[in-house]
Amino acid sequence: MYLITKWFGTFLCDKKGIQKKVLFSKDEKEIAKRLQIIEKKEILPEEKKITRNIKVTVSEKRLQKIGSYDPDDSFFKDFEVKSDDFGFSNDLLHKATMIVAKNRVEEKLESEDLQVIQMVNALDDLIQTSNLLSERLECWSILPRVDKKIEPLENTFNTVNKEIKHLEEQIDCDMGKVAPNISMLAGSLIGARLISLSGGLEKLALFPASTVQILGAEKALFRFKKEGGRPPKHGVIFQHQLVNKSPRGSRGKIARILAAKISIASKADAFTKRDISKELIHDLKKRVDKIKNQ
Amino acid sequence: MKTTEIYGVSKDRNKLFTENPSGCEGIKIYNERLIKNRGKEYRSWNPYRSKLAAAILNGLSIELKPDYNILYLGAATGTTVSHISDIVKNGTVYSVESSPVALKKLINVSEKRRNIIPILEDANHPDRYYSIVSSVDIVYQDISQRNQAEIFIANVKRYLKKNGKGLLIVKARSIDVSLKPKKAYDLVCSTLKDNGLKIVDMIDLEPFEKDHAVILITY
């Protein structure tokens with residue numbers, strides 16, 4: 001027997017056709033509710049009930065617990081349960097998936113690391129603005145001072161600088177909650193930049209350490225891949241004191257070790273949420289000292 | 001304005017248009033031009049924004065019907081999806097996208113276009129939308145990932161009807177930046193062939209997109 005679950009019902013089938021079925025009610029909210037359970041990779045109560053004491057083959061990993069998983073079985077390709085046959089319209093599917101998609105998007109966009117990304121990007125914008133304004137003010141201040149003309153610009157410049165400080169504090173505070181291990185190890189600003197470049201804490205955690213090492217040096221990396229030359233040794237982690245205050249010869253090695261530790265820290269922040277920063281900092285120090293004493 | 005050999009796509013000089021469905025009059029999706037012609041409203045289809053439009057202008061020939069079901073992987077914000085939705089008026093466009101930010105915009109587009117089914121999932125796992133997607137006439141994929149060929153194959157094998165068509169947009173630089181584009185396309189073609197897909201046509205998207213090609217397959 002094969003178990004096929006579609007948005008409008010769950011069906012036990014074999015080569016002769018549908019043997020047993022449970023149809024869902026024709027209500028978009030009821031359907032959305034079931035799609036949300038499926039999306040969480042859980043088993044529907046209807047599926048449990050219909051397969052009780054029956055051996056089934058399934059085509060979704062989610063259903064592995066109640067049947068043998070074989071998506072390549074040609075049955076799933078040849079046999080189709082059509083919604084029209086049971087009076088379910090595509091309009092109903094549209095309504096239900098809109099509910100599911102909206103909820104899921106909101107859920108995903110709520111995560112704190114997205115706020116951190118926006119803050120870091122805003123910070124970079126403000127720093128750029130501040131530099132531009134300071135250049136302009138420099139040029140302007142050479143001329144005889146006419147207060148009413150230069151003053152508004154000076155005020156803007158001060159406001160921008162204040163906002164930079166404020167944002168830095170805010171990032172520091174938020175990173176302590178979002179990614180405590182990375183913050184302790186690499187500093188909150190570098191950590192925030194890494195999250196921003198990778199597109200999220202979870203994505204950063206899934207990167208290999210070698211990618212973390214050169215995040216922010218994409219231009220140099222692709223130049224190396226296309227035209228040859230020397231590959232970059234560090235991306236934004238260059239901003240870390242351990243890297244930029246070391247002699248040139250050992251920067252690459254230290255960047256590699258730092259990236260490896262950040263990578264472990266990010267995994268802890270994203271998944272286990274344990275505080276392992278002390279051990280990591282200890283390890284890092286030990287290995288960096290070893291390199292410096294070579 | 002003249003109809004083209006592709007159903008639902010009109011042409012006026014060098015520009016492509018699709019008919020804005022009733023209920024969507026006056027609504028722009030991505031600031032495209034709206035034109036009235038013989039009492040119907042048409043939306044211009046920008047080949048620099050939509051790779052399918054670029055492929056059609058470069059000579060892609062594919063059969064489309066108003067009741068086709070289409071699986072669109074990498075739907076993004078719905079620029080191309082909206083035009084496909086214009087064409088398959090009575091069909092369905094299952095639009096899979098993994099980025100919540102992009103899907104949020106697509107949901108707005110789907111609000112008025114009831115033949116779009118938005119799905120927030122990763123196309124790497126075709127399992128996960130099995131309960132929503134039925135078998136389809138066309139699988140269309142525009143995903144810039146290194147394993148784009150594998151994603152395409154998995155979805156074609158799972159959802160494409162017998163003798164259905166598949167359209168794969170290949171971004172050469174996603175395959176390997178150090179390869180010449182032509183070599184990258186060949187690499188993808190041979191992966192597709194090894195997995196039993198038949199290659200019907202390959203079209204370069206120059207001058208609209210750099211280092212992109214469309215591969216038309218059947219399975």
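Side chains are part of it too, since the values below use all heavy atoms of this structure and drop only hydrogens, waters and symmetry mates. Each chain gets a letter, A, B and so on, in the order the sequences are listed, and its residues count up from 1.
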Check your understanding: Could you state the interatomic distance from CG (A:L93) to OH (B:Y94), rounded to the nearest 0.5 Å?
Key -> 6.0 Å
Check your understanding: Side chain, backbone, both or neither: which part of B:K162 has an atom under 4.5 Å from a heavy atom of chain A?
Key -> neither
Practice item. Quick one: pull up NZ in A:K6 and OG in B:S134 and give me the separation to the nearest 0.5 Å. Key: 6.5 Å
Check your understanding: Of the listed residues (A:V105, A:L114, A:L109), which shares the most heavy-atom pairs with chain B below a 4.5 Å separation?
Key -> A:V105
**Study point:** A:A209: partners by side-chain contact (heavy atoms from CB on, under 4.5 Å), with sequence neighbours left out
**Key:** A:A260, A:S263
Review point. Above 12 or not: heavy atoms from other molecules or residues under 6.0 Å from CD of A:E46?
Key: yes
Review point. Given B:E121 and A:E39, is the side-chain contact (heavy atoms from CB on, under 4.5 Å) satisfied, shown in steps?
Key: CA-CA 9 Å; B:E121 278 295 356; A:E39 178 201 292; 4.2 Å; yes
Review point. If you measure from CD1 on B:I117 to NZ on A:K95, what distance do you get to the nearest 0.5 Å?
Key: 11.5 Å
Review point. If you draw a 6.0 Å radius around NZ in A:K21, do more than 12 non-hydrogen atoms from other residues or ligands fall strictly inside?
Key: no
**Study point:** Residues, nucleotides or ligands: over 12 heavy atoms within 6.0 Å of B:K51 NZ
**Key:** yes
Check your understanding: What residue, out of B:I107, B:L103, B:V133, B:T92, has the most heavy-atom pairs lying under 4.5 Å from chain A?
Key -> B:I107
Exercise for review: Flag the pair A:K102 and B:E111 as a salt bridge only when some basic side-chain nitrogen lies within less than 4.0 angstrom of an acidic carboxylate oxygen.
Suggested key: yes
Exercise for review: Counting only heavy atoms closer than 4.5 Å, note whether B:L106 contacts chain A via side chain, backbone, both or neither.
Suggested key: neither
Review point. Chain B heavy atoms under 4.5 Å from A:Y69: which part of the residue, side chain, backbone, both or neither?
Key: side chain
Check your understanding: Under a 4.5 Å heavy-atom cut-off, does chain A meet the side chain of B:V101, its backbone, both or neither?
Key -> both
Point to revise | Under 4.5 Å from any heavy atom of chain A - which part of B:R173 | key: side chain
Exercise for review: Find the distance between CG (B:D176) and NZ (A:K225) and round it off to the nearest 0.5 Å.
Suggested key: 5.5 Å
Check your understanding: If you count heavy-atom pairs under 4.5 Å with chain B, which of A:E107, A:E227, A:K41, A:K82 comes out on top?
Key -> A:K41
Check your understanding: With a 4.5 Å limit on heavy-atom distance, are the side chains of A:H94 and B:S110 in contact?
Key -> yes
Review point. About how many Å separate CD1 of B:I132 and CD1 of A:I31, when rounded to the nearest 0.5 Å?
Key: 11.0 Å
Review point. How many angstroms lie between CG in B:D127 and CD1 in A:I38, if you round to the nearest 0.5 Å?
Key: 12.0 Å
Review point. Who are the salt bridge (Lys or Arg N to Asp or Glu O under 4.0 Å) partners of A:D91, not counting sequence neighbours?
Key: B:R114
Point to revise | Closest heavy-atom pair and its distance - B:L120, A:K108 | key: CD2-CG, 4.2 Å
Check your understanding: In residues 54-64 of chain A, which residues are in contact with chain B at a heavy-atom separation under 4.5 Å?
Key -> A:S59, A:E60, A:K61
Contacts under 3.5 angstrom, residues 179-186 of chain B side chains, donor-acceptor by atom type, not counting sequence neighbours:
{"unit_1": "B:Y185", "atom_1": "OH", "unit_2": "B:D211", "atom_2": "O", "d": "3.4"}
{"unit_1": "B:Y185", "atom_1": "OH", "unit_2": "B:H212", "atom_2": "N", "d": "3.1"}
{"unit_1": "B:Y185", "atom_1": "OH", "unit_2": "B:H212", "atom_2": "O", "d": "3.4"}

Point to revise | Side-chain heavy-atom pair A:K226, B:S178 within 4.5 angstrom cut-off | key: no
**Study point:** Residue part contacting chain A, namely of B:Y129, when any heavy atom lies under 4.5 Å
**Key:** neither
